[in-house]
Amino acid sequence: MDFLRNHQLDIMLVMTGTCGILSLFVFFTTSLSKRRMHTLLLTEISATLLLIADRAAYIYRGDTSVLGWWMVRISNYSVFALSLLVFYAFDLYLIDLFTNEGGLPKAPRRLQFVKWLVLVGEVLIIISQFTGFYYTFDESNRYQRASGHIVCYLFPFVIYILQSSLIIQYRKRIRRMVLIPIFLFEFLPIAATIVQIFAYGLSLTNMTLVGAAVILYLFVLLDMNKTVEKSRRMEIDFLKTEQLHMQVLFSETAEALAQAIDAKDKYTHGHSSRVAEYAKEIAKRAGLPEEEINDIYFAALLHDVGKIGVPDAIINKEGKLTDDEYQAIKEHPKLGNEILRNITQSPTLRIGAYYHHERYDGKGYPIGLKGEEIPEIARIIAVADTYDAMTSKRSYRSTLPQSVVRSEIEKGIGTQFDPRFAKIMLSIIDEDKDYKMQEWGNTAERYGK
């Protein structure tokens, strides 16, 4: 106790600064509702002013100058008045807490009654200034307890009983992180008040009250951060779910479109899906990143989308095509580029459609790009597309033997195909001992999917 008496002014100064800084934090905290922010701000500001007044009362105690006379009276009055204001601010906080997070339809009567107790208490403090009911001052301008001093302690005690009973009754409605500082705010000042009754010359009640106000905000901040983090995780989970749904929708839409394209040619059913699987496997064995592999898959799936603009009579013609008909077929990369160019979220789609008939030696179409001028996606799709063309049944021929297919791929290295990807295709063919990779085989099963 002697230590507190000797250093309480310094302790008050530190606590005043702390509480004042927290008041600024509360003011600039945007995550709180306006009502919650206002109640906490009132709590912290009134607690700050309380300690300022209490410290001034000790500093000017015994000062018989005019300034000392006024400061002692003003500061002591402020201490009594602001003590009740802190309880009032906390009462507003509880009302907001229980009506919002607690789910109560309206403010409980016990908390409403606290407002009247505070009002009555403030009136008695004013009356005491003229009657000396709570305290008086001696000739040395020092504070002295009066006969009615014990009454001033009854108001916070009754307020404590009312608030505590409500908190206990509805404790299950409030999160634990919020309950802890509430109980501390209720218990610590009352315990300090009991001690102070017998320890004259100490401001345990006020210092404890301010300390409880500081703890209240810190726990509110922790709870707020926890709530924000939980909301952030929920938002991330929601976005991930939405992204997954979008990916599934995109995949199903692309596959449906690929089936519609293949349906135009009665001899190439499933061609786009097979080319997509072959291209994906080539890309995977080439060591490309997972994201690029997926891009290649969907680009290959839609590489022939331009055939939508080619007449069915030309696509399904059983005989040899005329020069004009062949020229019409050669327009499908351009048409595919026009169809897919507006899909800005997946720019690789149009690349696969536009360049998959380019040749490594520069003799392809529609532009005549050469070597690595041809986008990597298109070089991969070119190998996969040619392989499926040879391993699928046509109107004018059956599926080619695997040895012939391998030989043609090998001949195309460095001329029709990028050597790197053509050699990967050859290794895939060599692994397919039973020649399952053809039109009627199960491509997905072939790669263990």
Side-chain angles (χ1 to χ4, degrees), residues 268 271-304 306 326 329-330 332-334 336-337 347-392 394 397 399-439 441 443-444 446-449:
T268 59
H271 167 71
S272 297
S273 297
R274 292 192 298 274
V275 172
E277 290 289 347
Y278 299 149
K280 182 178 181 179
E281 185 66 18
I282 293 171
K284 186 182 296 184
R285 296 192 182 204
L288 299 183
E290 186 67 27
E291 185 176 352
E292 290 185 25
I293 292 173
N294 289 332
D295 289 342
I296 290 169
Y297 174 84
F298 286 109
L301 193 63
L302 298 177
H303 75 284
D304 272 343
Y326 183 61
I329 286 288
K330 290 175 66 176
H332 82 271
K334 295 180 180 179
N337 178 56
T348 52
L349 295 179
R350 57 169 288 277
I351 293 174
Y354 195 32
Y355 300 109
H356 72 278
H357 277 297
E358 299 287 354
R359 289 172 54 102
Y360 202 72
D361 58 9
K363 297 180 181 179
Y365 64 89
I367 297 178
L369 298 180
K370 184 178 181 179
E372 295 193 2
E373 294 177 352
I374 306 168
E376 187 177 59
I377 288 177
R379 282 180 272 147
I380 293 174
I381 294 175
V383 178
D385 188 34
T386 302
Y387 176 84
D388 189 69
M390 290 189 289
T391 57
S392 300
R394 292 292 186 267
R397 64 159 173 81
T399 302
L400 297 178
Q402 188 182 45
S403 58
V404 175
V405 174
R406 192 189 190 286
S407 177
E408 291 299 316
I409 296 291
E410 192 171 22
K411 287 179 184 178
I413 293 177
T415 55
Q416 185 176 354
F417 310 119
D418 182 318
R420 178 188 178 194
F421 301 126
K423 290 176 182 179
I424 292 175
M425 189 73 245
L426 289 177
S427 66
I428 294 174
I429 293 172
D430 292 340
E431 292 175 9
D432 186 21
K433 304 296 184 182
D434 299 325
Y435 198 20
K436 293 181 178 180
M437 278 174 41
Q438 53 181 307
E439 180 179 2
T443 306
R446 167 73 177 78
Y447 298 119
K449 296 179 178 58

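Summarising the geometry, atom CE belonging to M390 is positioned 11.5 Å from atom OG1 belonging to T399; distances are rounded to the nearest 0.5 Å. Taking NE2 of H271 as the reference point, atom OG of S273 lies at 10.0 Å (rounded to 0.5 Å). Annotation: the span from L288 atom CG to I380 atom CD1 amounts to 5.0 Å, rounded to 0.5 Å. In this structure, E291 CD and T348 OG1 are separated by 9.5 Å, a value rounded to the nearest 0.5 Å. With rounding to the nearest 0.5 angstrom, the CD1 atom of I296 is 9.0 Å from the CD1 atom of I282. To the nearest 0.5 angstrom, I424 atom CD1 is 8.5 Å from D418 atom CG.
In this structure a side-chain-to-backbone donor-acceptor pair under 3.5 Å is present from E358 to L369. A donor-acceptor pair under 3.5 Å is formed between the side chain of E373 and the backbone N or O of K370. Here the side chain of Q402 pairs a donor or acceptor atom with the backbone of D432 at under 3.5 angstrom. R406 places no side-chain N or O within donor-acceptor distance of the main-chain N or O of I429, the cut-off being under 3.5 Å. A donor-acceptor pair is defined here as one N or O able to donate and one able to accept, closer than 3.5 Å; no such pair exists between the side chain of R285 and the backbone of F421. A distance-only check finds a donor-acceptor pair linking the side chain of D361 to the backbone of K363 [under 3.5 Å]. Between the side chain of Y387 and the backbone N or O of M437, at least one donor-acceptor pair lies under 3.5 Å. Judged purely by atom type and a 3.5 angstrom limit, T386 has no side-chain atom pairing as donor or acceptor with the backbone of V383.
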Steps toward side-chain contact (heavy atoms from CB on, under 4.5 Å) verdict (E292, E376):
CA-CA 10 Å; E292 290 185 25; E376 187 177 59; 4.0 Å; yes
From CA spacing to verdict: side-chain contact (heavy atoms from CB on, under 4.5 Å), R379, R359 | CA-CA 8 Å; R379 282 180 272 147; R359 289 172 54 102; over 6 Å; no
Criterion side-chain contact (heavy atoms from CB on, under 4.5 Å) on Y278 and I381, from CA distance to verdict:
CA-CA 8 Å; Y278 299 149; I381 294 175; over 6 Å; no
Stepwise salt bridge (Lys or Arg N to Asp or Glu O under 4.0 Å) test for K411 and E408: CA-CA 5 Å; K411 287 179 184 178; E408 291 299 316; 3.7 Å; yes
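Shortest non-hydrogen contact noted between A279 and A300 is CB-CB, 3.9 Å. Closest non-hydrogen pair, A299 versus G352, comes out as CB-CA, 4.4 Å.
In this structure, P333 and Y355 have side chains that are not in contact, with every pair of non-hydrogen atoms separated by 4.5 Å or more. Residues I351 and N337 fail the side-chain proximity criterion, which asks for heavy atoms closer than 4.5 Å.
Remark: aromatic rings of H357 and H303 are distant, center separation not under 6.0 Å. Residues F417 and Y360 place their aromatic rings such that the two centres sit no closer than 6.0 Å.
R274 and S392 form a side-chain donor-acceptor contact under 3.5 Å, judged by distance and modelled atom types alone.
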